[in-house]
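One is the number of the first residue; the rest follow in order along the sequence. These numbers come from the heavy atoms of this one structure, side chains and all, not from hydrogens, waters or symmetry mates.
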Amino acid sequence: MSTPDPTSPSQPVVDSAELFQDPYAVYGRLREEGPVHRITGTDGLPAWLVTRYDDVRRALADPRLSLDKRNATPGGYRGMALPPALDANLLNMDPPDHTRIRRMVTKVFTPRHVEGLRVPIRRAADRLLDSLAGQDEADLIPSYAAPLPITVICDLLGVPQAQRPDFRAWTDALVAPDPTRPERAREAVGRLLSFFTRLIADKRTRPADDLLSALIAVRDEEDRLSEDELMSLAFLILVAGYENTVHLIGNAVAALLAHPDQLAALRADAGLLDRAVEELARYDGPVPLAIRRFPTEDIVIGGATVPAGETVLLSLAAAHRDPRRFTDPDRLDLGRDATGHLALGHGIHYCLGAPLARMETGIALTALFDRFPGLSLAVPPQDLRRRPSMRSRGLLAIPVRTADRPGRTGPGASVG
């Protein structure tokens, strides 16, 4: 984002570098200046930014705000270019196609299926933590927060073990592209497309007990999915199920280590875990901005008239720190009732994998702090480096000490 259209009545100056490190300060300033702003979006084109909780929540559920890029003003939106075989996914769809595909996924990805993953997830977390035993220091992103979700989502889809490191590299290239190396994102798209083509063909020949095989069976037996929709759905499950959960876990671990009083409260009361996961998702969620939307007609949001077809960006980061909704919102409080946070969406586009993301995060935190009760940050919290992406909010590294060191005090110190 950069300086907005000077003809707009609202003309905030948005510092992209500041957004990477601390979006809450930037979006918070905009939220208090006004509910809606005309800005220059991440693609260099004009957009409308919505910042207050009530407006954001209503907009997420408003059927007049379309996810279908065909409803964008011609030339008014420039997003990630994906081939049709990966682009026909739920993040680009409205009803009735969205309803049809979502209903089919929920048919095979049931709450019982999710609950059946609890023991395997804990087993995977314990294996990763075993590899840290005996190390005085570690980086929890590559050693724990990243490999745990990729293990879970690849097990779910039935991705062979040998291809899993490739998936992480491809996803990183797509979600946080290097502006100096744009060809890497294009290469990642090509490799993902080739891999899913081969994987789906293999699952058709040799189906297994996994989600992708089940989706293929429904597609082939009931003809309720096109081939592009099937491949796009597999792509979306992989990217969303991996990327967002990595950052949900990573941000949660960093927040707890930076707030030892809250970590102590959680360790003292295991019954606080479910509420803690909700508050951690509100406090520092993995998605600062919801997926862009396009009005199908002129629409009023926060008192501003947004013309049909123009790009609307909904700031979850601003909504989650809105004092009109959450008391003392910049404070992490695991005892808070964070019900109503929007980190996993709202309305018909509410995250299909929300129960799995919650379960993974809860298990990841429990396993980590059970194994390493003296865990502490190896750097001050303010020195943790963020990924240079406005699509996702995640850490490049979480350097930690696995046991107490004498004389450590202050934020990040062990709480025992």
Trainee: So, do Tyr283 and His259 have ring centers that fall under 6.0 Å from each other?
Mentor: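 When the ring centroids of Tyr283 and His259 are compared, they turn out to be within the sub-6.0 Å range.
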
Trainee: For Gln135, check side chain to side chain donor-acceptor pair (under 3.5 Å) against everything at least two apart and list the hits.
Mentor: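 Gln135 satisfies side chain to side chain donor-acceptor pair (under 3.5 Å) with no other residue.
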
Trainee: Is there a donor-acceptor contact under 3.5 Å from the side chain of Thr51 to the main chain of Pro35?
Mentor: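 Yes, because the side chain of Thr51 sits within donor-acceptor range (under 3.5 Å) of the backbone of Pro35.
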
Trainee: Test your reading of the model: is there a side-chain donor-acceptor pair from Ser232 to the backbone of Ala85, 3.5 Å cut-off?
Mentor: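 Side chain of Ser232 to backbone of Ala85, a donor-acceptor pair under 3.5 Å: yes, one is there.
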
Trainee: Please give me the minimum heavy-atom distance between Ala234 and Leu212, naming the atom from each residue.
Mentor: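 Here Ala234 and Leu212 meet closest at CB-CD1, 4.0 Å.
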
Trainee: Would you find a donor on one side and an acceptor on the other, under 3.5 Å apart, between the side chain of Glu137 and the backbone of Arg401?
Mentor: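 Absent.
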
Trainee: Glu187 side chain to Arg184 main-chain N or O, any donor-acceptor pair under 3.5 Å?
Mentor: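 Flag not set: sc Glu187 to bb Arg184 has no pair under 3.5 Å.
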
Trainee: Donor-acceptor pair, distance only, cut-off 3.5 Å: does the side chain of Asn251 make one with the backbone of Arg393?
Mentor: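 Checked: pair present.
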
Trainee: Would you please test Ile121 and Leu356 for side-chain contact (heavy atoms from CB on, under 4.5 Å) and show each step?
Mentor: CA-CA 10 Å; Ile121 292 172; Leu356 179 58; 3.9 Å; yes

Trainee: Please check: side-chain N/O of His37 versus main-chain N/O of Leu30, any donor-acceptor pairing under 3.5 Å?
Mentor: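 Looks like yes, one N/O pair under 3.5 Å.
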
Trainee: Looking at Asp130 and Arg127, does any basic side-chain N land under 4.0 Å from a carboxylate oxygen?
Mentor: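 Here Asp130 does not pair with Arg127 in a salt bridge, since their nearest N and O are not under 4.0 Å apart.
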
Trainee: Can you name the nearest heavy-atom pair linking Leu117 to Met359, along with the distance?
Mentor: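 Answer, listing the atom of Leu117 first, then Met359: C-SD, 4.3 Å.
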
Trainee: What is the distance from atom CG of Leu280 to atom CZ of Arg358, rounded to the nearest 0.5 Å?
Mentor: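 It is 12.5 Å, given to the nearest 0.5 Å.
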
Trainee: Is it true that the side chains of Asp87 and Asn92 contain a donor and an acceptor less than 3.5 Å apart?
Mentor: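 On atom types as modelled, these side chains qualify, holding a pair under 3.5 Å.
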
Trainee: Nearest 0.5 Å, what's the CG-CG distance between Asp370 and Leu129?
Mentor: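 With rounding to 0.5 Å, CG (Asp370) is 9.5 Å from CG (Leu129).
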
Trainee: Closest approach of Thr311 and Gly76, non-hydrogen atoms and distance?
Mentor: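 Looks like OG1-O, 3.6 Å.
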
Trainee: Do Ser66 and Asp94 pair up side chain to side chain, a donor and an acceptor below 3.5 Å, judged on atom types alone?
Mentor: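 Yes, side-chain donor-acceptor contact under 3.5 Å.
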
Trainee: Should we say atom CZ of Arg385 is surrounded by more than 12 heavy atoms from elsewhere, each under 6.0 Å from it?
Mentor: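 Not buried by this count: 12 neighbours or fewer within 6.0 Å.
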
Trainee: Verify salt bridge (charged side-chain N to carboxylate O under 4.0 Å, His left out) between Arg324 and Glu32, making sure each step is shown before the conclusion.
Mentor: CA-CA 11 Å; Arg324 300 163 187 82; Glu32 299 314 310; 3.1 Å; yes

Trainee: Hey, do the aromatic rings of His113 and Phe109 have their centres closer than 6.0 Å?
Mentor: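 That pair passes the under 6.0 Å test.
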
Trainee: Closest approach of Arg292 and Leu67, non-hydrogen atoms and distance?
Mentor: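 Here Arg292 and Leu67 meet closest at NH1-O, 3.3 Å.
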
Trainee: Parallel, tilted or perpendicular for Tyr53 and Phe326, by the 30°/60° rule?
Mentor: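 Rings of Tyr53 and Phe326: perpendicular, over 60°.
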
Trainee: Give a yes or no answer on whether the side chain of Arg31 reaches the backbone of Arg321 with a donor-acceptor pair at less than 3.5 Å.
Mentor: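 Side chain of Arg31 to backbone of Arg321: a pair is present.
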
Trainee: What distance separates Leu193 CG from Phe235 CZ, expressed to the nearest 0.5 Å?
Mentor: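 Taking CG in Leu193 and CZ in Phe235, the distance rounds to 10.0 Å.
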
Trainee: Tell me whether Thr40 contacts the main-chain N or O of Pro46 through its side chain, where contact means a donor paired with an acceptor under 3.5 Å.
Mentor: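 No, Thr40 side chain to Pro46 backbone: no donor-acceptor pair under 3.5 Å.
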
Trainee: Return yes if a side-chain donor-acceptor contact under 3.5 Å exists between Asp337 and Thr339, otherwise no.
Mentor: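 Judged by distance alone, the side chains do pair up.
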
Trainee: May I ask you to decide if His346's main-chain N or O and His349's side chain share a donor-acceptor pair within less than 3.5 Å?
Mentor: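 No; zero donor-acceptor contacts below 3.5 Å.
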
Trainee: May I ask you to test the Asp68-Phe294 pair for a side-chain heavy-atom distance under 4.5 Å?
Mentor: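 No; the side chains remain at least 4.5 Å from each other.
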
Trainee: Would a distance-only check, ignoring hydrogens and angles, find a side-chain to backbone donor-acceptor pair under 3.5 Å from Asp62 to Arg58?
Mentor: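 Checked: no pair found.
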
